Amino acid sequence: QVQLAESGGGSVQVGGSLTLSCVTSGFTFRDYHMGWFRQAPGKEREFVAVSVRPGSGGTTRYSESVEGRFTISRDNAKKMVLLQMNNLKAEDTAVYYCASSRVALSGIRQVEMYRSWGQGTQVTVSS
């Protein structure tokens, strides 16, 4: 049974930092791209960052809105993916989800290309 479980969310002030964790089980972790997405109230779920699976290069990609502030990393031995978030802004407030996919790299930023999802963790950034 595929399982993804996020943790690490919380409330922080503008300019602060948080690290989200996603622990997984039930699938061959290193064969999957691992992505972070977020959904703010009243908005669609959007791509945040992805760690490309080692077999496809093992690179990382970010949305423009978080580039330079967020860092995604993965530990293939522990089957987990982290999202380090620095210099948080009010507009980063959302529920953050991790997800797994084996899609071709051309689709790696698309929500619909991810099959398995965690339950989400709330991040609230206030001034």
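Because the structure is predicted, anything quoted here is derived from the model rather than measured.
- For the pair S21 (side chain) and S7 (backbone), a donor-acceptor distance under 3.5 Å is absent.
- Within the model, atoms OG1 of T28 and NZ of K79 stand 7.0 Å from one another, a figure rounded to the nearest 0.5 Å.
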Run the side-chain donor-acceptor check on residues 12-19: report pairs under 3.5 Å with partners two or more places apart or on a different chain.
| residue | atom | partner | partner atom | Å |
| --- | --- | --- | --- | --- |
| S17 | OG | N86 | OD1 | 3.0 |
| T19 | OG1 | Q84 | OE1 | 2.4 |

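- V2 and V23 end up in different hydrophobic clusters when Ile, Leu, Val, Met, Phe, Trp and Tyr side chains are linked at under 4.5 Å.
- Distance alone, capped at 3.5 Å, places no donor-acceptor pair between the T124 side chain and the T93 backbone.
- Taking both residues in full, the closest heavy atoms of Q119 and A5 are given as OE1-CA, 3.7 Å, listed atom of the first, atom of the second, then distance.
- Sorted by first and then second residue, the salt bridge (charged side-chain N to carboxylate O under 4.0 Å, His left out) pairs with a member in residues 107-121 form an empty list; sequence neighbours excluded.
- Taking the side chain as every heavy atom from C-beta outward, E44 and V111 never approach each other to under 4.5 Å.
- Using a 4.5 Å heavy-atom cutoff, the side chains of F27 and S116 are not in contact.
- Legend: ring-ring contact (aromatic ring centres under 6.0 Å, His included) pairs involving residues 91-115, not counting sequence neighbours, sorted by first then second residue: F37-Y114.
- Residues passing the side-chain contact (heavy atoms from CB on, under 4.5 Å) test with S25 are Q3, sequence neighbours excluded.
- Rounded to the nearest 0.5 angstrom, D31 CG and R102 CZ are separated by 5.0 Å.
- Side-chain atoms of R61 do not come within 3.5 Å of backbone N or O of V50 as any donor-acceptor pair.
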List the atom pairs, donor and acceptor, that lie under 3.5 Å between side-chain atoms in residues 65-74 and the rest of the protein, sequence neighbours left out.
| residue | atom | partner | partner atom | Å |
| --- | --- | --- | --- | --- |
| S65 | OG | R38 | NH2 | 3.3 |
| S65 | OG | S63 | OG | 3.1 |
| R69 | NH1 | N87 | O | 2.9 |
| R69 | NH1 | D92 | OD2 | 2.7 |
| R69 | NH2 | S65 | O | 2.8 |
| R69 | NH2 | D92 | OD1 | 3.0 |
| R69 | NH2 | D92 | OD2 | 3.3 |
| R74 | NE | N76 | OD1 | 2.9 |
| R74 | NH1 | Y32 | O | 3.0 |
| R74 | NH1 | S51 | O | 3.1 |
| R74 | NH2 | F29 | O | 2.9 |
| R74 | NH2 | Y32 | O | 2.9 |
| R74 | NH2 | N76 | OD1 | 3.3 |

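- At a threshold of 4.5 Å between side-chain heavy atoms, the hydrophobic network of Ile, Leu, Val, Met, Phe, Trp and Tyr places L4 and V123 in one connected group.
- Atom CE of M80 is separated from atom SG of C98 by 10.0 Å, given to the nearest 0.5 angstrom.
- The line from OG1 of T59 to CZ of R53 is 11.5 Å long, rounded to the nearest 0.5 Å.
- V95 and L88 fall into different hydrophobic clusters, defined by Ile, Leu, Val, Met, Phe, Trp and Tyr side-chain heavy atoms under 4.5 Å apart, directly or through other members.
- Listed by chain and residue number, K43, A94 satisfy the side-chain contact (heavy atoms from CB on, under 4.5 Å) test with A40 (two or more places apart in sequence, or in another chain).
- Residues H33 and L105 have side chains in contact (heavy-atom distance under 4.5 Å, counting atoms from C-beta outward).
- Put simply, CD on Q39 and CD on Q122 are 11.0 Å apart, with the number rounded to the nearest 0.5 Å.
- The cluster map of Ile, Leu, Val, Met, Phe, Trp and Tyr, joined by side-chain heavy atoms under 4.5 Å apart, puts M113 and W117 in the same cluster.
- Residues W36 and M85 have side chains not in contact (no heavy-atom distance under 4.5 Å, counting atoms from C-beta outward).
- Taken to the nearest 0.5 Å, the CG atom of L82 stands 10.5 Å off from the CE atom of M34.
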